[in-house]
There are 2 protein chains.
Amino acid sequence: MKQSPTPRRTQAERTRASREKIIRSATETFAQKGFRGAKMADIAKAANLTEPGLLHHFPSKTHLLMEVLKERDRIDSERMRATLQQNGNHLLEASIELVEHNQTVPGLVQLFNLLLAESISADHPAHEFFIERYQREREHWVQAITQAQQNGEVRADISAETLAILTFAMMDGLQVQWLMEPEKIDMSELYRVMMEMLRA
Amino acid sequence: MKQSPTPRRTQAERTRASREKIIRSATETFAQKGFRGAKMADIAKAANLTEPGLLHHFPSKTHLLMEVLKERDRIDSERMRATLQQNGNHLLEASIELVEHNQTVPGLVQLFNLLLAESISADHPAHEFFIERYQREREHWVQAITQAQQNGEVRADISAETLAILTFAMMDGLQVQWLMEPEKIDMSELYRVMMEMLRA
DNA sequence: AAAAACTTACCTAGTGTAAGGTAGGTAAAT
DNA sequence: ATTTACCTACCTTACACTAGGTAAGTTTTT
């Protein structure tokens, strides 16, 4: 039905396609170089545009970064929600699946790891984004863990908040080692061991 | 005994003092901005030098970074060795003290965290440094944990290598959260909880 | 239905500035 | 007499972003 080859049809369509392509290449570039190391020219080229072409869609590098992060956040939350539901709200199982999934997208894992580390400086554009993200996620997990403790799924001799923090720490820390030596580190297996330690 | 005020005495002394001052300010700057974000001019100014003055002592930014890392590594290994010895080779206790110590030097913790994240790209000057460092430390810990397992100090139902990886992951991950919200996260307390889980 | 008016997606060319590093010198220490 | 520590002045490149234009798509007017 669609006439595809060279001429892309409506303007709305072209715009959407361009923005998507830009976000995709920006995601890759930020993942590999971080915010400060990524060059607008590289991102533009990877999206088949010139630099001003890129800037037509996103007014500055900072804006672009924030859009990339928001987009990823949206996709990931949605994914987690779905996985949780699919696993009958069993948090431990769902989170293991999340880690397994992460093992298939090293680029994205690296994106968040690197930007997270960069963003610890208070003057980084994503500083607040990550602080808010952690707080939000932590609250979410504290709730879920509390429930799992009441169900007898998770050990109750340690507070839900402590468990939430430890779990995040483990996820983040494993990611770093996995990114450094992907063949050596079996991230999801290791995460599973940790989860066993948290069982009631 | 030393005549201190304005004129620093011998050249050897001046050189050592300058290099130390440079390393100190470079450490701070790299910690706050990462390698790519740190500017030679800032480092130079913080060391009371001009840029070429700095470059007289370290021929390039990359050289400077490597010196900073090697220096830290030296100090930290020495510290760990001493602490271990002081604690009668009890690894768990010694590592808790290490984490407590880290809580007093956020700048250094941030230095390693940020550079570690940056260095995951294969073209980063510190890429190999960190891979080697991890391997070395892991081996060291595997040995120590194996011994602790034989002494009945540490649970033996999980392999020493797995425990080593998990411990590092936890340390790194806790550091990130602690750096983001220092008042909220009691890093050494949380680490202690983890260590309890590893007890036999 | 076609022309006119406008909006959008991009481009080429250029700007300002920052940043790593060099050249070559001076003055103090050895 | 020579080496060392450091400076001023400069160079080159890189990079985020602007100015101003063209051509295609879209809406309005007749």
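Letters A, B, ... are given to chains in the order of the sequence lines, protein chains preceding strands, and every chain is numbered from 1. Reckoned from all heavy atoms, side chains included, excluding hydrogens, waters and symmetry mates.
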Inset, instruction - Mark up nucleotides 12-25 of chain C, 5' to 3', with B wherever a protein heavy atom is under 4.0 angstrom from a base atom, S wherever such an atom reaches only the sugar-phosphate, and - elsewhere. - result: BB-----SBBB---
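- A:Leu65 places its CG atom 15 Å from the C1' atom of D:dA16, with the value rounded to the nearest Å.
- The phosphate of C:dC10 has OP1 or OP2 within less than 4.0 Å of a side-chain N or O from A:Ser18.
- In this structure, A:Arg155 places its CZ atom where more than 12 heavy-atom neighbours from other residues, nucleotides or ligands lie under 6.0 Å away.
- Remark: A:His56 is in phosphate contact with C:dA9, judged by side-chain N or O atoms under 4.0 Å from OP1 or OP2.
- Side-chain contact annotation: B:Glu93 with B:Asn87, donor-acceptor N/O pair under 3.5 Å absent.
- Looking at A:Glu97 and A:Thr83, their side chains never bring a donor and an acceptor atom within 3.5 Å of each other.
- The phosphate of C:dC10 (OP1 or OP2) has a side-chain N or O of A:His57 nearer than 4.0 angstrom.
- For the pair B:Leu54 CG and D:dT8 P, the interatomic distance rounds to 15 Å; values are reported in whole Å.
- In the hydrophobic cluster analysis, where Ile, Leu, Val, Met, Phe, Trp and Tyr join through side-chain heavy atoms closer than 4.5 angstrom, A:Ile185 is grouped apart from A:Leu108.
- Screening residues 116-125 of chain B for side-chain hydrogen bond (donor to acceptor under 3.5 Å, both in side chains) gives B:Glu118-B:His124 as the qualifying pairs, with residues at least two apart or on separate chains.
- In this structure, A:Arg14 places its CZ atom 18 Å from P of C:dT7, rounding to the nearest Å.
- Applying the side-chain contact (heavy atoms from CB on, under 4.5 Å) test between B:Met170 and each of B:Met197, B:Met194, B:Met195 identifies B:Met194 as the sole match.
- A:Lys45 has its NZ atom 11 Å from the P atom of D:dC15, to the nearest Å.
- In this structure, B:Leu49 atom CG and D:dT8 atom P are separated by 11 Å, rounded to whole Å.
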